[in-house]
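Below is one structure, written out as C-alpha cells; comments come after it.
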Amino acid sequence: MIMKIHVYAKLKDFFSPEFELNAVARNTDELKLRLLEINEGAKNILDSCRFAIEEGFIDHDHKLKENDTVIIIPPSSGG
Amino acid sequence: MIMKIHVYAKLKDFFSPEFELNAVARNTDELKLRLLEINEGAKNILDSCRFAIEEGFIDHDHKLKENDTVIIIPPSSGG
Amino acid sequence: MIQSSSSPLPAEVNGSPLGTIQVISAKPLDIVDLLSQAHHPGAGAVVLFSGEVRDSNKGREVTCLEYESYVPLAVKIIHDILAEAREKWGLKVAIAQHRIGRLSIGESAVVVITTAAHRREAYEANQHIIHRIKHEVPIWKCEYFSDGGHQWGNNCNC
Amino acid sequence: MIQSSSSPLPAEVNGSPLGTIQVISAKPLDIVDLLSQAHHPGAGAVVLFSGEVRDSNKGREVTCLEYESYVPLAVKIIHDILAEAREKWGLKVAIAQHRIGRLSIGESAVVVITTAAHRREAYEANQHIIHRIKHEVPIWKCEYFSDGGHQWGNNCNC
C-alpha cells in the first residue's frame, strides 16, 4: 500500500517534506506508528499533529486508501 | 465688566459664535445667568456645558476678570 | 541635561518628533501617511481605527457632516490622552488625528493608531483612546440630513 | 436561481468579488491596497490589524522569519473564519491576508481588516479573526536568530 506523505514545519526536522510510504496504514493511528518506525524522535510532535487529505481534516477512523496523499499538520503558529 | 465669549456647536443656535458681554459675572455661575438673560432657551444646553479659558477648563469658583475670553464647551461629540 | 521648564509639550509627541503629526486637521486625513509613521522594529502588533462618515444615522439619510473644535484645548487633551495610553500600555507608537470642517460620506473623521509588542495591548489602548477622544475632547459633530435638517452633537457615529 | 452545488466558495468572499484578495500571499502584503478595498458607505468603523515581525522574541535577537502553509486548507479555513465573523457581527467588510515565505524585521506577516456600522463590532470581530487565524489555520512560523539558531512554531509574535 503506497501513500504520499507531505509534512510541514517542525516535522521537516524528522522527515523529508514529501515522500512515498510503502506500508500498511489503514488509518491515521497506524500511519503514525509507521512514521515512528522511520524516526521515533518525532513522537512528541506527531502526537500534537492533525491529518488532512486535500482541503479537509480527517479523523483517526478515516479509512486510508492506496495512493492517498496525506498531509500532516502540526499545531498552527501563524500571525 | 467686559468679557469675550466664544461658543460652539449647538450653542450657536442661541448665541453668536463670538461676542462681547458687558455685565457683572464674577464666576461661571453668574456668567450662565447673564447668558440666560440674553436667551433663556439655552438653559438645557448651558447646564451641560463646561467653561474654559485658554487651554484649561475652569471651575465654577474660578474668579473671572475683565477682558477674559471665556470658551463655553458643550458635551463632546467627536469621532 | 538642560530642559526648558516652560515648554508645555514633550520634545516628542505621538512617538514622532514634535509637530510631525497634527492631531487636529482641517485637511482630509492621510491614513497611508499616518500608517507609514507607525512602524517600529519592536512592535509586533499595529492596530488602526478609522471612524468614517456613514450614509445614515437612526434611519435618517446623512448627506454630510461637519466637525468643529476648540482647537487649543483639543490638541492639549489629545496629547494628554496619547501620553497616558503610551505609558499605561507600554506602546511603541500612539497616533491620533481628528478631522474638522465639512466631510462627505466615507471620509475619515478620526484615525487612531497604536503599536505594541503584543496585540492585546495595541487593541485595548486603541479602543481606550478613541473612547476618550469621543467623550473628552472639545470636538463637535453636526449631521446634515437629506431631508434638509441638521443636528448637532449626536455622539453615535461609530 | 441556478447555482452550481459543487462550488466550494461563495460568489463573493471578503466582501469583494471572488479572487480579488488572496488570503495567502507569497508577496509582501500591500496594506494600502487592502485598506482601499475596505471602505463601505454603511460602515462607521474600520479596524485594521497588522502583525509585524519583531526584532526579538524572549530576549533572543531575531534576524528574519519564515512562514510556510498548507495553502489549500489554509485558504478554505480563512474563508470560513471570515464568513462566520461577517455573519456574527454583521460586518460590512472582512478581509484577511497572511504572508508566506521569508520576512524581514518590520514586514507585515498578517493583516485583518473589519468594518461595521459601529466600532465595538469592528474591534471584537477583528480580534476574534486574528485569534482564530493564529490558532486554527495551517500556517507555521520559523524564527531565525542572530546566534545562528532557528525555531519552528513559537506562537507568540504578536
Side-chain angles (χ1 to χ4, degrees), chain A residues 2-21 25 27-29 31-32 34-36 38-65 67-79, chain D residues 8-9 23-25 29 49-54 57 65-81 96-101 103 108-112 126-143 149-158:
Chain A
I2 293 182
M3 286 178 291
K4 275 201 168 154
I5 308 295
H6 291 193
V7 308
Y8 287 92
K10 195 172 177 59
L11 282 169
K12 297 192 298 184
D13 292 348
F14 302 96
F15 305 101
S16 302
E18 302 186 6
F19 60 99
E20 279 193 0
L21 182 71
N27 54 45
T28 59
D29 288 341
L31 175 57
K32 222 192 277 187
R34 299 295 90 76
L35 292 169
L36 291 177
I38 299 172
N39 190 334
E40 61 180 359
K43 180 156 185 15
N44 277 345
I45 177 73
L46 268 179
D47 280 345
S48 63
C49 287
R50 290 182 294 174
F51 297 80
I53 290 179
E54 293 179 352
E55 294 172 23
F57 289 108
I58 56 174
D59 282 330
H60 68 101
D61 55 2
H62 177 96
K63 210 176 146 93
L64 296 175
K65 302 187 310 291
N67 293 322
D68 272 348
T69 297
V70 181
I71 319 294
I72 313 186
I73 311 266
S76 299
S77 58
Chain D
L9 289 171
V23 297
I24 301 289
S25 171
L29 307 190
F49 172 80
S50 168
E52 307 192 344
V53 181
R54 282 193 294 143
N57 197 359
L65 289 193
E66 192 179 342
Y67 286 94
E68 69 175 21
S69 173
Y70 174 48
V71 175
L73 185 54
V75 168
K76 180 180 177 297
I77 295 176
I78 292 178
H79 280 153
D80 288 350
I81 291 170
Q97 194 172 57
H98 202 299
R99 175 86 179 274
I100 53 174
L103 281 72
S108 183
V110 56
V111 170
V112 175
N126 200 287
Q127 286 177 276
H128 176 87
I129 291 167
I130 185 61
H131 180 86
R132 290 190 63 185
I133 287 177
K134 289 172 75 83
H135 291 92
E136 298 176 25
V137 178
I139 299 173
W140 304 278
K141 173 172 60 187
C142 188
E143 291 172 299
H150 74 274
Q151 183 173 26
W152 278 103
N154 199 342
N155 195 1
C156 301
N157 201 53
C158 64

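Quick note on labels: first sequence line is chain A, next is B, and so on, each numbered from 1.
Among A:Ile72, A:Val7, A:Ile73, the single residue meeting the side-chain contact (heavy atoms from CB on, under 4.5 Å) criterion with D:Tyr70 is A:Ile73. Partner A:Ser77 forms a side-chain contact (heavy atoms from CB on, under 4.5 Å) with one of D:Lys134, D:His135, D:Lys141, D:Glu143 and no other, that one being D:Lys141.
The candidate with the highest count of non-hydrogen atom pairs below 4.5 Å against chain A, out of D:Ile100, D:Ile139, D:Val112, is D:Ile139.
In this structure, the side chain of D:His98 does not engage the main chain of A:Gly78 through any donor-acceptor pair within 3.5 Å. Of the possible polar contacts, none joining the A:Glu55 side chain to the D:Lys76 backbone as a donor-acceptor pair under 3.5 Å is found. A donor-acceptor contact shorter than 3.5 Å is absent between the side chain of A:Tyr8 and the backbone of D:Pro138.
Listed by chain and residue number, D:Glu84, D:Glu136 satisfy the salt bridge (Lys or Arg N to Asp or Glu O under 4.0 Å) test with D:Arg132 (two or more places apart in sequence, or in another chain). With sequence neighbours excluded, no residue forms a salt bridge (Lys or Arg N to Asp or Glu O under 4.0 Å) with A:Glu54.
Contact annotation for residues 11-19 of chain A against chain D (heavy-atom separation below 4.5 Å, listed by residue number): A:Lys12, A:Asp13.
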Acceptor/donor pairs from residues 40-48 of chain A side chains to any protein atom, 3.5 angstrom cut, sequence neighbours excluded:
from    : atom 1 : to      : atom 2 : distance (Å)
A:Lys43 : NZ     : A:Asp47 : OD2    : 2.8
A:Ser48 : OG     : A:Ile45 : O      : 2.8

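Only the backbone of D:Ser69 comes within less than 4.5 Å of a heavy atom of chain A; no side-chain atom from C-beta onward does. If you measure heavy-atom distances from D:Ile77 to chain A, the contacts under 4.5 Å come from the side chain alone.
Two residues are said to be in side-chain contact when any heavy atoms from C-beta on lie closer than 4.5 Å; D:Trp140 and A:Pro74 meet this criterion.
For A:Lys10, the NZ atom counts as loosely surrounded, since its 6.0 Å shell holds 12 or fewer non-hydrogen atoms of other residues, nucleotides or ligands.
A pairwise comparison of heavy atoms in D:Leu73 and A:Gly56 identifies CD1-N, 4.0 Å as the closest pair.
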